[in-house]
Amino acid sequence: MMDFVLSNLVSIITIINLPLAIAVMFMERRNVGVTWAWLMVLLFLPAVGFVVYLVFGQNLSKKKLYKLNKRTKETITALIEQQRREFRDHRIVFNDDAAEQYADLIYMNLTSGFALYTQNNHVDIYTNGPDKFEALFADIARATHHIHLMYYIVHNDDIGRRLVEALTEKAKQGVKVRFLVDDIGSSMLKREFFQSLVQAGGEVTYFFPSKIPYLNIRVNYRNHRKLAIIDGQIGYIGGFNVGDEYMGRNKRFGFWRDTHLRITGYAVLQMQANYMMDWNLASPVSFSREVLGLFPPAANTGSTGIQIVSSGPDQTLEQIKNAYIKMIFAAKKSIYMQTPYFIPDESVLNALKLAVLSGIDVRIMLPGKPDHKMVYWATFSYLGELLEEGMKCYLYEKGFLHAKAIVVDGSVASVGTANVDIRSFKLNFEVNAILYDTETASRLQRIFEDDMKDCTELTYEQYQRRSRMQRFRESCVRLLSPIL
């Protein structure tokens, strides 16, 4: 019997693989690119590939992860519908005249992403770790009611320990401290790291933790959001995680160039609501019904229009990707984009192509050196199509570029946690701030232009001189880009 099995092993595997391939085709029938990527995995990893699919390929959009009680749901629905009527009836008075031309973008985010539009916000921009964390530590020191933190990566190093010490001190003072960490992004972090904080009364929970040691069947779905909310009055959002490398202390990467926002105003309340939903999904101890202290009356701290747009694999619509596309199509003069990973799907790629062909000044800034080689190869496989049409590409050489920022016409911008890649669009839980303010957008555009001084421009002629091996690697990895 064993001899028969061994002699017919190829046939047996083929017979087993066929129904598995059909099952993948059925489960992923809505997305042709993803279907082909998983079929490639099955082809090169017969039978075993299906186990990989079960771990990495779950479709969370079929599951209702976030559950709201009836009263909360009715309140949110009423607020959204009220603002939708105001937009439909043209009753919104814009603080910035330039924002009015993006009314359709605002309405789309409001309708599909439940992102309320607020205009009484103030924004500070941070582009390096020391400045961002100095401001965060100062706000933590002044906290009197609560501190809510959410990070994808937390390291047990100097800055990580300083943060826990600061939070522990506030917890001892009676401030309510909650810390939400992604279980995959911080997989090397031992639970004992937060022991002092927990003993002081703080709460720590992990997003999508593994119930089986060394096996997390939701490993492919990561909470990539980075939020900090202080007393419901101050909110931080952007690309910085918690670790010494983000302070520029890692020899491999050197200077860490990122973009992070400190926001005050009504937009913080929506950041708070997003945090609470993630916490209630991850923690066995949900927020109590008495949440008035978490939503204090927001002060009129500025005049910047903001929407907080979130997206995730639990949703059928890709809200952040749709916002990017809408911004690209709205461009009249320029599109400045910074992202560490550039793996666009066809819709984003075509939108950028059309912008370039329409005479729009499209500039993309990427890291000059990779942190993930396969992702970097996939990124370069997409650049040629845009460079050939006239897009400008800049490779950041001063250190590692991790910023996720888009500026259109110097009048509207997006800063947040979502990269311009399929993983951020479809697989990760992400959150961005869309900024409708000429002054803030112009600041971000000037930051981009300053960064260009530390870049090398990649021309189409240089791109064409890539080695055959490089082209081969890019072509192979591109086949897997929908699931990288």
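Being a predicted model, the structure only gives us computed values, none of them experimental. Because only heavy atoms are used, hydrogens play no part in the values below, and waters and symmetry mates are left out as well, while side chains stay in.
By the 4.0 Å N-to-carboxylate-O rule, K426 lies close enough to E318 to be salt-bridged with it. A salt bridge is absent between D451 and K453; no separation between the charged side-chain nitrogens and carboxylate oxygens falls under 4.0 Å.
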task = Run the numbers on M337 and R363 for side-chain contact (heavy atoms from CB on, under 4.5 Å), then give the verdict.
result = CA-CA 6 Å; M337 179 182 294; R363 306 182 187 189; over 6 Å; no
Set out, in order, the CA-CA distance, both residues' side-chain angles and the distance that settles side-chain hydrogen bond (donor to acceptor under 3.5 Å, both in side chains) for N432 and Y324, then state yes or no.
CA-CA 11 Å; N432 279 28; Y324 284 172; 2.9 Å; yes
Q) Would E81 and R84 count as a salt bridge (Lys or Arg N to Asp or Glu O under 4.0 Å) if you check the C-alpha gap in whole Å, the side-chain angles of each, and the deciding distance to 0.1 Å? A) CA-CA 5 Å; E81 186 53 38; R84 287 176 65 184; 3.7 Å; yes
| request: Might you work through the salt bridge (Lys or Arg N to Asp or Glu O under 4.0 Å) test for D361 and K333, ending with a clear yes or no? | output: CA-CA 6 Å; D361 178 11; K333 296 179 295 183; over 6 Å; no
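Looking at V412 and Y436, their side chains come closer than 4.5 Å, going by heavy atoms from C-beta outward. Looking only at side-chain heavy atoms (C-beta outward), P344 and F342 come within less than 4.5 Å of each other. With a 4.5 Å cut-off on side-chain heavy atoms, V408 and I328 do not count as touching. Counting heavy atoms from C-beta on, the side chains of K404 and P340 come closer than 4.5 Å. Within the 4.5 Å cutoff, the side chain of V181 has no heavy atoms near those of the F207 side chain.
Under the salt bridge (Lys or Arg N to Asp or Glu O under 4.0 Å) criterion, D89 pairs with R91, not counting sequence neighbours. When the side chain to side chain donor-acceptor pair (under 3.5 Å) test is applied to N128, the partners found at least two apart in sequence or on another chain are D131. Residues passing the ring-ring contact (aromatic ring centres under 6.0 Å, His included) test with Y236, sequence neighbours excluded: none. For V362, the side-chain contact (heavy atoms from CB on, under 4.5 Å) partners are I335, L352, A355, V356, I360, M391, not counting sequence neighbours. Shown here are the ring-ring contact (aromatic ring centres under 6.0 Å, His included) partners of Y151, two or more places apart in sequence or in another chain: there are none. Residues passing the ring-ring contact (aromatic ring centres under 6.0 Å, His included) test with Y336, sequence neighbours excluded: F448. When the side-chain contact (heavy atoms from CB on, under 4.5 Å) test is applied to T264, the partners found at least two apart in sequence or on another chain are H122, I234, R262, T301. The side-chain contact (heavy atoms from CB on, under 4.5 Å) test applied to I153 returns H155, N241, Y246, not counting sequence neighbours. By the side-chain contact (heavy atoms from CB on, under 4.5 Å) test, A273 pairs with F295, sequence neighbours left out.
Of the possible donor and acceptor atoms, one in the side chain of Q119 sits under 3.5 Å from a partner among the backbone N and O of V93. At distances below 3.5 Å, at least one donor-acceptor pair connects side-chain atoms of S442 with backbone N or O atoms of G410. The backbone N or O of V420 lies less than 3.5 Å from a partner atom in the side chain of T339, making a donor-acceptor pair. Looking at S283, its side chain never comes within 3.5 Å of a backbone N or O of W279 through a donor-acceptor pair. The backbone N or O of S347 lies less than 3.5 Å from a partner atom in the side chain of D345, making a donor-acceptor pair. Q307 places a side-chain N or O within donor-acceptor distance of the main-chain N or O of A115, the cut-off being under 3.5 Å. In this structure, T127 contributes its side chain and I447 its backbone to no donor-acceptor pair below 3.5 Å. Between the side chain of Y152 and the main chain of R222, no donor-acceptor pair closer than 3.5 Å is present. In this structure a side-chain-to-backbone donor-acceptor pair under 3.5 Å is present from S467 to Q470.
Between A413 and L444 the shortest heavy-atom distance is CB-CD1, 3.6 Å. Nearest heavy atom pair, residue A405 against residue V415, reads CB-CG2, 4.1 Å. The two residues I106 and A99 make their nearest non-hydrogen contact at CD1-O, 4.4 Å. The two atoms that bring L458 and F380 nearest to each other are CD2-CE2, 3.8 Å, heavy atoms only. Scanning all heavy atoms of the two residues, the minimum distance from G232 to L269 falls at O-CD2, 3.7 Å. Nearest heavy atom pair, residue S381 against residue A378, reads OG-O, 2.6 Å.
To the nearest 0.5 Å, atoms CD (E461) and CG (L387) are separated by 9.0 Å. We find the CD1-OG distance between I320 and S424 to be 8.0 Å, quoted to the nearest 0.5 Å. Rounding to the nearest 0.5 Å gives a distance of 6.5 Å between CD1 of I364 and SG of C393. Residue L401 holds its CG atom at 11.0 Å from CD of E397, rounded to the nearest 0.5 Å. Between the CG atom of L110 and the CE atom of M108 there is a distance of 11.0 Å, given to the nearest 0.5 Å. Here I325 contributes atom CD1 and L349 contributes atom CG; the two are 10.5 Å apart, rounded to the nearest 0.5 Å.
Using bins of under 30°, 30° to 60° and over 60° for the plane-to-plane angle, the ring pair F240/H260 lands in the tilted bin. Ring geometry for Y107 against F87 counts as perpendicular: the plane angle is over 60°, on a 0 to 90° scale with 30° as the lower cut.
Side-chain atoms of Y102 and E100 include no donor-acceptor pair closer than 3.5 Å. Between the side chains of D409 and S411, no donor N or O sits under 3.5 Å from an acceptor N or O. Defined by atom type and a distance below 3.5 Å, a donor-acceptor pair is missing between the side-chain atoms of R465 and Q462. Using a 3.5 Å distance cut-off with no hydrogens or angles, the side chains of T417 and E430 do pair a donor with an acceptor. If you check the side chains of D278 and N223, you find a donor sitting under 3.5 Å from an acceptor. N121 and T304 share no side-chain donor-acceptor pair at under 3.5 Å. Side chains of Y117 and N109: a donor-acceptor N/O pair is absent below 3.5 angstrom, by distance only. T259 and R257 share a donor-acceptor pair across their side chains, judged by distance under 3.5 Å alone.
Sorted by first then second residue, the side-chain hydrogen bond (donor to acceptor under 3.5 Å, both in side chains) pairs that include residues 369-379, not counting sequence neighbours, are Y341-D371. Sorted by first then second residue, the ring pair (Phe, Tyr, Trp, His ring centres under 6.0 Å) pairs that include residues 384-418, not counting sequence neighbours, are F253-F400, W256-F400, W256-H402. Sorted by first and then second residue, the side-chain hydrogen bond (donor to acceptor under 3.5 Å, both in side chains) pairs with a member in residues 384-393 read K353-E385, E385-R478; sequence neighbours excluded.
Cation-pi geometry between R466 and Y463 is met: the NZ or CZ atom falls under 6.0 Å from the ring centre, inside 45° of the normal.
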